[in-house]
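The block underneath contains the structure these notes are about, expressed in structure tokens.
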Protein chains: 2
Amino acid sequence: MITVDWTDPGGEGLRERKKRQTRQLLTDTATEMFLDRGFDAVRVAEVAAACGVSEKTVYNYFPTKESLVVDHPDTAIATLRPALASAKSPVDAVLTVLAGELRAVASWLASQPDAVERFARFAALIDATPPLRAYQREMAGRLVGVIAEAIAARAGVPSDDPEPQIVAIALVGLWRVQFAALARYVDGRPASELVDAVTADVRRAADLLVGGLGGCDQLGITRS
Amino acid sequence: MITVDWTDPGGEGLRERKKRQTRQLLTDTATEMFLDRGFDAVRVAEVAAACGVSEKTVYNYFPTKESLVVDHPDTAIATLRPALASAKSPVDAVLTVLAGELRAVASWLASQPDAVERFARFAALIDATPPLRAYQREMAGRLVGVIAEAIAARAGVPSDDPEPQIVAIALVGLWRVQFAALARYVDGRPASELVDAVTADVRRAADLLVGGLGGCDQLGITRS
DNA sequence: CTATCAACTTTCAGTGACTGTAAAGTTCGC
DNA sequence: GCGAACTTTACAGTCACTGAAAGTTGATAG
């Protein structure tokens, strides 16, 4: 759903194409059904039936029911790793990746008439569905690992040292901030302002992290 | 297992006592079995049988299989809330609660001969068991909510504003740091140094958060 | 064009976590 | 002791997810 349909170069057999189509069909219809009736009220067997496919096939494509909604959790990692390698700092890398994801979402929002409403429902679905939130956290956990490793490698320390860990955790928190901002603003603001509003939120959070939690202490986050 | 057996005042009917005993028996034997054979290899029905109790009874006490191991996830919240209310700052509150938990673990470690080895296996079990890690993250998520609310309330802003969110996420990361430090040091260091070593790690992480990610920038966390 | 091989799908039978319900057993206040 | 409130149990069921074997289909060599 959020996927931006990364067009693959033409050199692709019929087999591969069918697989991609099936995969897409599965996520799309599953998401649609979940949005309509709620995650729990839809059985995997129903999704399979709706797609004219056996239940086992669904599980050949997706490891869990949740992964039907959060298509390609590894995409973020695949983008993040090179960014970490090339950027001047982890913070820059994360902000770059986040900006990229934001752009992708924004262009998807602009590409369909009812996109805004669908995205709002999508965000609400995730928020209201514990297993989906758990899945989101799991993905975040993987990002933490990747970032911590990158920092540790650069600094030449073990990746389970306190510094890489805490920095990675804090930085991954920015994903949550961006998602929350997106969910909040997508409904109220005109599309033109959306990107700026979300970016502003992320930047405020990032500045707070970089400058230190004491930075904006008009109302006592750190000890006075 | 990690629970410190908070002795309840005597005014307690037979009913309550039996419930407490059963609950304790369940977590203890379950943890023991999980440590021996692995989380996945033990069925809930087996735990029930080992305790001379029906499977349904297990589920009357615990919502999930995972909660058999991570007894009382709400204890942290119950401790944290008043700490947040009374401490000078969220950072202080979190550090205080963490120190308290550390003390409790340390005294438990000192109370039994094989405690160290058991704790090491316990930490390894959690690390090696995805569902348990997920459960841990879920608990962390609840802590984030509590802290974000406290900060937001104090500052008079919505709790899903970027600042409360990111601060809460970063602070909750300290739990992970403390757990990691505990797991790392429990095996190698003499008990006397344990608390200091762990505290040092937590403090390093907290200082980094408070002073800003740029603080210790000998090797480029933030942009140069 | 066809035989063949490999990949993919389906069918099927099963595991195990978790839930509701109604009956049987316990504890408590009197 | 006795009835009310509460627990435990037995039972039947749902549903996510898995492995194995047999069937189907796309790719490929002859």
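Sequence lines set the chain letters: A, B, ... in the order given, protein chains first and strands last, and positions in each chain run from 1. Please read these numbers as outputs of a predicted model, since none were measured by experiment.
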field: side chain to side chain donor-acceptor pair (under 3.5 Å) partners of Glu101(A), counting only residues at least two apart
entry: Trp175(A)
field: Whole angstrom value for the distance that separates P of dT7(D) from CD of Gln21(B)
entry: 15 Å
Ignoring hydrogens and angles, write down the donor-acceptor pairs under 3.5 Å from the side chains of residues 119-130 of chain A, residues two or more places apart or on other chains.
from, atom 1, to, atom 2, distance (Å)
Arg121(A), NE, Glu117(A), OE2, 3.3
Thr129(A), OG1, Leu125(A), O, 2.6

Side-chain donor-acceptor pairs of residues 79-87 of chain A under 3.5 Å, sequence neighbours excluded:
from, atom 1, to, atom 2, distance (Å)
Thr79(A), OG1, Thr75(A), O, 2.7
Ser86(A), OG, Pro82(A), O, 3.3

message: Using the side chain to side chain donor-acceptor pair (under 3.5 Å) criterion, which residues pair with Arg137(B)? Sequence neighbours excluded.
response: none
statement: Nucleotide by nucleotide, nucleotides 2-14 of chain C touches protein heavy atoms under 4.0 Å in the pattern (B base, S sugar-phosphate only, - none) ----BBSBBB---
query: How many Å lie between CZ on Phe34(B) and C1' on dG16(C), as a whole number?
result: 13 Å
query: Rounding to a whole Å, what distance do you find between Asp40(A):CG and dT19(C):P?
result: 11 Å
Whole angstrom value for the distance that separates C1' of dC17(D) from NZ of Lys65(A): 12 Å
field: With Ser54(A) via side chain to side chain donor-acceptor pair (under 3.5 Å) - residues at least two apart
entry: Thr57(A)
task: Have a look at Val42(B) and say if it touches a base, only the backbone sugar-phosphate, or nothing, with a 4.0 Å heavy-atom cut-off.
output: sugar-phosphate
- line: CD1 of Ile147(A) to CD of Glu149(A), rounded to nearest 0.5 Å, is 11.0 Å
query: Between dT27(C) and Lys18(B), is there an OP1 or OP2 to side-chain N/O distance shorter than 4.0 Å?
result: yes
